[in-house]
2 protein chains.
Amino acid sequence: MKQAITRRQLQPPNKQAAVFQHVRRAHQMEATEDYVELIDDLIACEGEARLVDMARHLGVSQPTVSKTLARLQREGYVNSQPYRSIFLTPKGKKLAISSRKRHDIVFKFLIAMGVSEATAKRDSEGLEHHASAETLHAFNNFIESRSRTASG
Amino acid sequence: MKQAITRRQLQPPNKQAAVFQHVRRAHQMEATEDYVELIDDLIACEGEARLVDMARHLGVSQPTVSKTLARLQREGYVNSQPYRSIFLTPKGKKLAISSRKRHDIVFKFLIAMGVSEATAKRDSEGLEHHASAETLHAFNNFIESRSRTASG
DNA sequence: TAGAAAAGTTAGCCTATGCTAAGTTTATTA
DNA sequence: TAATAAACTTAGCATAGGCTAACTTTTCTA
Ligand SMILES: [Mn+2]
Ligand SMILES: [Mn+2]
Ligand SMILES: [Mn+2]
Ligand SMILES: [Mn+2]
């Protein structure tokens, strides 16, 4: 099939700017979402969330985690005493749950699309932060229609 | 359908760290990719890429664009004289083309999934930077199978 | 239980990306 | 063509998120 001529056309400046602003806001939440999700997982799987384990799982140094946790505490997502393990506030727990739900949908969707598990894990870690409710809904429908086809 | 019990399980620290490191590398390229893509579009649609138009489309101030362009020039993606319009180097042009191709696939894929145009535009602007070759391939297959179904 | 190891903090550095205010250069227009 | 407006730059500031080095606290273990 021949490639159609790509008649490129620019969005109106204001509209495109709104899109980029939206993406920047999503970026601001990325670290927060990944952190609370990891804290919740660590508590669920290991019994507690230690800074050193967070650093290991995130692939960053302990001081980096320490500094980011200070921000998260300031913003009311986590709670911790010096030298002690980390807890989620209700606000943090809520964000962790919704982040994980979204992450799971994106991951399962990629698997349903035929992507390998390793790639689905990698890509979903970045994609998750940029999938709107509408897109997640479409992804979820796809997952469900696939599982119906497979099992029915 | 009942919700299966989510037996959450943590990845091995090293593996998860590698995933996050991969996402961080992708993030480092985001601004670069968005900038060269926009420059290429502006040249194609308006005849030239002016800093003021970039600022308007990106939704940031002119000094912000100025500073980022200085970095892109340092890194060999763009070329410009003070007070003059902006040009892509061969390296920048190549990145612009591949970025746009990837952006287009993600956008068209969301449309094929039944997502509205406004949402597809928004989400694809963030998602594009985190879709691997394997995932893009799966997306592309889906787009093509859909267009076959629709037209055939 | 004392010493060593591990965990966590603090200080100080860096880059990227945002901003405003103020100055300079280029382009428009009266 | 002189004055004004627009575009661009520069300076200076802020925050987020990286890092290493050095220090403190806690935990483990001999
Ligand atoms: Mn996640
Ligand atoms: Mn993530
Ligand atoms: Mn793009
Ligand atoms: Mn983008």
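Each chain gets a letter, A, B and so on, in the order the sequences are listed, and its residues count up from 1.
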key: Short side-chain to backbone donor-acceptor contact, B:S124 and B:A120, under 3.5 Å   = yes
ask   = Are A:D104 and A:K101 close enough for a salt bridge, meaning some N to O gap below 4.0 Å?
value = no
key: Test side chain to side chain contact (heavy atoms under 4.5 Å, CB included) applied to B:V36 and B:D41, B:T89, B:I97, B:L95, the passing residue   = B:L95
ask   = A:R102 side chain to A:E128 main-chain N or O, any donor-acceptor pair under 3.5 Å?
value = yes
note = When B:R50 and B:E75 are each assigned the nearest nucleotide of DNA chain C, the 5'-most assignment goes to B:E75
query = Using 4.0 Å as the upper bound for N to carboxylate O, is an ion pair formed by A:E117 and A:K121?
reply = yes
note = Contacted region of DNA chain C by chain B, from 5' end to 3' end of the hits, cut-off under 4.0 Å to heavy atoms, spans C:dA16 to C:dA27
inquiry  = Please determine whether side-chain contact (heavy atoms from CB on, under 4.5 Å) holds for the pair A:Q73 and A:V78, giving the CA-CA distance in whole Å, both sets of side-chain angles, and the decisive distance to 0.1 Å.
reply    = CA-CA 5 Å; A:Q73 184 147 22; A:V78 311; 4.0 Å; yes
request  = Establish, from distance only, whether the side-chain atoms of B:E125 and A:H22 form a donor-acceptor pair under 3.5 Å.
outcome  = no
Residues within residues 60-70 of chain A bordering DNA chain C, heavy-atom distance below 4.0 Å = A:Q62, A:P63, A:S66, A:K67
request  = Please confirm whether the backbone N or O of A:S132 pairs with a side-chain atom of B:R122, one donor and one acceptor, at under 3.5 Å?
outcome  = no
message = Closest-nucleotide mapping onto DNA chain D: is B:A49 or A:A31 further toward the 5' terminus? I mean the 5' end.
response = B:A49
Qualifying residues under ring-ring contact (aromatic ring centres under 6.0 Å, His included), relative to A:F142, sequence neighbours excluded = A:F109, B:F142
key: DNA chain C contacts among residues 14-28 of chain B, heavy-atom distance under 4.0 Å   = none
key: Reported CD1-to-OG1 distance for the pair A:I105 and A:T135, which is rounded to 0.5 angstrom   = 11.0 Å
query = Ignoring hydrogens and geometry, is there a side-chain-to-backbone donor-acceptor pair from B:E30 to B:H129 under 3.5 Å?
reply = no
ask   = Donor-acceptor pair, A:E134 side chain versus B:S116 backbone, under 3.5 Å?
value = yes
message = With heavy atoms of chain B within less than 4.0 Å as the criterion, where does contact along DNA chain D begin and end?
response = D:dA7 to D:dG18
query = Does B:Q11 offer a backbone N or O that forms a donor-acceptor pair with the side chain of A:H57 under 3.5 Å?
reply = yes
query = Listed in order of residue number, which residues of residues 80-89 of chain A have a non-hydrogen atom at under 4.0 Å from DNA chain C?
reply = A:P82, A:Y83
inquiry  = For A:K91, is the NZ atom crowded, meaning more than 12 foreign heavy atoms sit under 6.0 Å from it?
reply    = yes
task = State whether the side chain of B:T68 and the backbone N or O of B:V65 hold a donor-acceptor pair below 3.5 Å, judged by distance alone.
result = no
